[in-house]
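For clarity, every value in this text was computed on a predicted model and none was experimentally measured.
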Amino acid sequence: MTAPASSDIATTAGEGGDPRPARWRTSAGRSELGRAVLARPVRSLLVIYAISRVVAVLAIWIAAHYYQSPAGVGHLHPGLADMFRLWDTEWYRRIVTDGYPIPLPSDPETGQITYSAWAFFPLFPAMVRLLMVTGLGFTASAVLLNLALGAAATLPVWKVMSFPGHAASQPARERLAFVAAAMWCFYPATGVMVLPYTEALAAALIAGSLLMLMRGRYLTVALIALLLGFTRGVAAPLGLAVLAHLWLRWREERASGTAPFAHDRLRIVIMCPATGVSGVAWPVTVGYLSGLPDAFFRVQAAWGQRPDVGPFVLWFSWAREQRGLFSLVVMVALVGTYPALVIGRHGAWIPLEVRMWALVYPLYLFAVVRPITSMWRFLLLDFPLMALPASVTMRTSTGGRVVRHWRRRAAVVVVLPALGVVARSCGLLPYVPRHVTPP
């Protein structure tokens with residue numbers, strides 16, 4: 001028999017403070033299973049990820065056969081293949097097959113810029129087009145690409161939350177990060193990481209950039225930031241995570257008596273502007289190619305995005321129209337509770353850079369995105385969100401230590417978002433004409 005992992009034998013705050021080895025405190029089977037999973041976290045996470053993809057495809061199949069209206073697909077027997085051609089997937093297919101339209105489409109009566117593919121960032125369709133060189137069709141290429149990108153995202157999602165050198169004991173943090181990454185695989189909107197959407201690519205780039213940032217690979221962060229500029233508009237929250245990292249490093253190096261950033265100043269000088277350029281790369285490109293400097297923002301306005309009315313205004317106006325004062329109170333409570341959880345005891349074990357992303361990204365969404373059901377999909381990129389229920393599930397009420405039976409709790413709690421995958425796929429993915437609830 002192989003020797004048990006040292007982190008399972010050692011007495012730590014993460015094991016409840018019991019001086020007996022873990023194998024004596026639990027049944028042999030459960031202890032062996034727990035050690036096997038945590039001893040090979042990469043393989044275990046990939047297995048969990050594969051299971052989550054099966055659940056996601058099954059949920060999409062259920063949505064196709066029991067919830068999709070024939071009117072939405074044009075024939076009487078909707079199937080799984082139909083679900084891979086709905087909503088934004090059609091726009092990405094147009095970009096891959098036809099490119100971006102020039103001049104920009106406009107309403108023939110009013111002359112106003114209307115819906116067009118320019119609202120969608122180009123890196124994902126470019127990767128799909130490259131894969132189609134093998135002879136695969138658009139849907140097959142996009143699905144296979146997203147399956148690989150989703151796996152590539154899961155590992156850095158786990159690594160950034162288990163990054164060493166933080167306040168919580170390392171064995172406890174490794175367990176928390178593993179469960180959080182597993183729960184993220186079953187986030188209710190995870191089905192879009194199978195469909196031809198950009199979430200899988202964006203998640204891989206964001207988690208990868210945060211991991212490289214914490215490792216001090218600043219030139220790699222600059223490169224990833226530029227790629228993100230052609231994938232999703234997330235430069236603002238990423239930039240604040242970069243600033244949080246630089247502040248933390250400056251404070252630590254100054255406290256140790258060394259010159260801050262002594263060997264990395266040039267790399268930092270490259271990284272910071274690259275992060276800023278990421279925020280304007282695609283809007284500037286659209287303006288240059290179309291001949292209209294504000295073309296990107298005019299297209300976004302046609303899709304209903306109106307940041308010019310002010311941050312948060314659209315959400316609070318929508319809440320007031322729905323249920324009046326009660327909805328406003330609920331929204332304020334939600335907006336206040338989430339940062340309190342991230343900053344509080346159940347988020348304290350997460351590295352500072354990741355916590356900054358977790359704080360800023362959702363607030364950024366609420367500031368610039370109109371009220372839409374796609375918000376659940378956008379929040380998929382807030383992967384630290386799943387670290388909070390993982391901590392609440394596995395630790396004591398004070399957040400001071402991991403409870404002894406955390407494995408049983410985690411197994412039960414992971415089932416809940418898995419059910420959410422089915423519920424969301426059946427509720428939002430089907431397309432019904434004149435009833436718009438996009439996934």
Before you tell me yes or no, could you show the steps for Trp250 and Phe261 under ring-ring contact (aromatic ring centres under 6.0 Å, His included), namely the whole-Å CA-CA distance, both residues' side-chain angles and the distance that decides it to 0.1 Å? CA-CA 7 Å; Trp250 175 83; Phe261 317 124; 8.1 Å; no
Apply side chain to side chain contact (heavy atoms under 4.5 Å, CB included) to residues Leu149 and Asn146 and explain how you reach the verdict. CA-CA 5 Å; Leu149 289 171; Asn146 271 348; 3.9 Å; yes
List the steps, then state whether side chain to side chain contact (heavy atoms under 4.5 Å, CB included) holds for Arg232 with Glu199. CA-CA 9 Å; Arg232 288 297 273 272; Glu199 267 66 26; 2.7 Å; yes
One pair to check against side chain to side chain contact (heavy atoms under 4.5 Å, CB included): Val354 and Met214. What are the steps and the verdict? CA-CA 9 Å; Val354 184; Met214 291 187 287; 4.0 Å; yes
Apply salt bridge (charged side-chain N to carboxylate O under 4.0 Å, His left out) to residues Glu90 and Arg93 and explain how you reach the verdict. CA-CA 5 Å; Glu90 174 61 20; Arg93 186 196 63 78; 2.5 Å; yes
Go through the steps to decide whether Val335 and Leu363 satisfy the test side chain to side chain contact (heavy atoms under 4.5 Å, CB included), and finish with yes or no. CA-CA 8 Å; Val335 172; Leu363 293 177; 4.2 Å; yes
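One side chain, Asp382 or Tyr338, offers a donor N or O that lies under 3.5 Å from an acceptor on the other. Side-chain contact check for Thr190 and Arg424: no donor-acceptor pair (N or O, by modelled atom type) lies under 3.5 Å.
For Thr258 (side chain) and Arg254 (main-chain N/O), no donor-acceptor pair under 3.5 Å exists by modelled atom type. With Gln68 contributing its side chain and Tyr431 its backbone, the two residues share a donor-acceptor pair below 3.5 Å. Between the side chain of Arg173 and the backbone N or O of Phe163 there is at least one donor-acceptor pair closer than 3.5 Å. Using modelled atom types, one side-chain atom of Ser209 and one backbone atom of Leu205 make a donor-acceptor pair closer than 3.5 Å. Between the Thr373 side chain and the Pro438 main chain, a donor and an acceptor come within less than 3.5 Å of each other. Of the possible donor and acceptor atoms, none in the side chain of Thr337 sits under 3.5 Å from a partner among the backbone N and O of Leu334. The backbone N or O of Met394 lies less than 3.5 Å from no partner atom in the side chain of Arg409, so there is not a single donor-acceptor pair. Between the side chain of Ser256 and the main chain of Glu253, a donor-acceptor pair closer than 3.5 Å is present. Under a 3.5 Å cut-off, the side chain of Asp264 and the backbone N or O of Gly216 do not form any donor-acceptor pair. Between the Arg377 side chain and the Ala189 main chain, no donor and acceptor come within less than 3.5 Å of each other.
Atom CD1 of Ile60 sits about 4.5 Å away from atom CG of Leu195, to the nearest 0.5 Å. With values rounded to the nearest 0.5 angstrom, Asp88 atom CG is found 6.5 Å from Ser374 atom OG. For the atom pair OG1 (Thr231) and CG (Leu123), the distance works out to 4.0 Å, reported to the nearest 0.5 Å. Rounding to the nearest 0.5 Å places CE of Met271 at 11.5 Å from CD1 of Ile224. Note that the OG1 atom of Thr393 and the NE2 atom of His346 stand 9.5 Å from one another [nearest 0.5 Å]. Distance CG/Leu429 to CZ/Phe84: 9.0 Å, rounded to 0.5 Å.
Using a 4.5 Å heavy-atom threshold, the side chains of Val415 and Phe186 count as separate. Counting heavy atoms from C-beta outward, Met183 and Pro389 have side chains that approach closer than 4.5 Å. A heavy-atom distance below 4.5 Å is found between the side chains of Leu246 and Cys272. Taking the side chain as every heavy atom from C-beta outward, Val299 and Val286 never approach each other to under 4.5 Å. The closest side-chain heavy-atom distance from Met132 to Met127 is not below 4.5 Å. Between Val143 and Thr139, the closest side-chain pair of non-hydrogen atoms falls below 4.5 Å. Phe383 places a side-chain heavy atom less than 4.5 Å from the side chain of Leu210. Looking at heavy atoms from C-beta onward, Phe178 lies out of side-chain contact with Ser162 at the 4.5 angstrom threshold.
For the side-chain contact (heavy atoms from CB on, under 4.5 Å) with Pro417, the qualifying choice from Pro188, Cys185, Ser52 is Pro188, the only one to do so. Exactly one of Phe296, Tyr92, Trp118, Phe120 qualifies for a ring-ring contact (aromatic ring centres under 6.0 Å, His included) with Tyr100. That residue is Trp118.
Using cut-offs of 30° and 60° for the angle between ring planes, the Trp318 and Trp315 rings count as perpendicular. Using a 30° and 60° split on the angle between ring planes, Trp282 and Phe121 fall in the tilted class, from 30° to 60°.
Across all non-hydrogen atoms, the minimal contact from Leu80 to Trp61 is CD1-N, 3.6 Å. Of all the heavy atoms in His245 and Glu353, the pair that sits closest is ND1-OE2, 2.8 Å. Heavy atoms only, all atoms of each residue included: Leu328 and Phe316 are closest at CD2-O, 3.5 Å. Listed here is the closest heavy atom pair of Leu46 and Ala151: CD2-CB, 4.1 Å. Closest non-hydrogen pair, Val128 versus Leu145, comes out as CG2-CD2, 3.8 Å. The shortest non-hydrogen separation linking Trp349 to Met161 is CZ3-O, 3.4 Å.
Aromatic rings from Trp303 and Tyr115 are positioned such that their centres are separated by under 6.0 Å.
Figure legend: cation-pi geometry between Arg94 and Trp91, with NZ or CZ positioned under 6.0 Å from the six-membered ring centre and within 45° of its axis.
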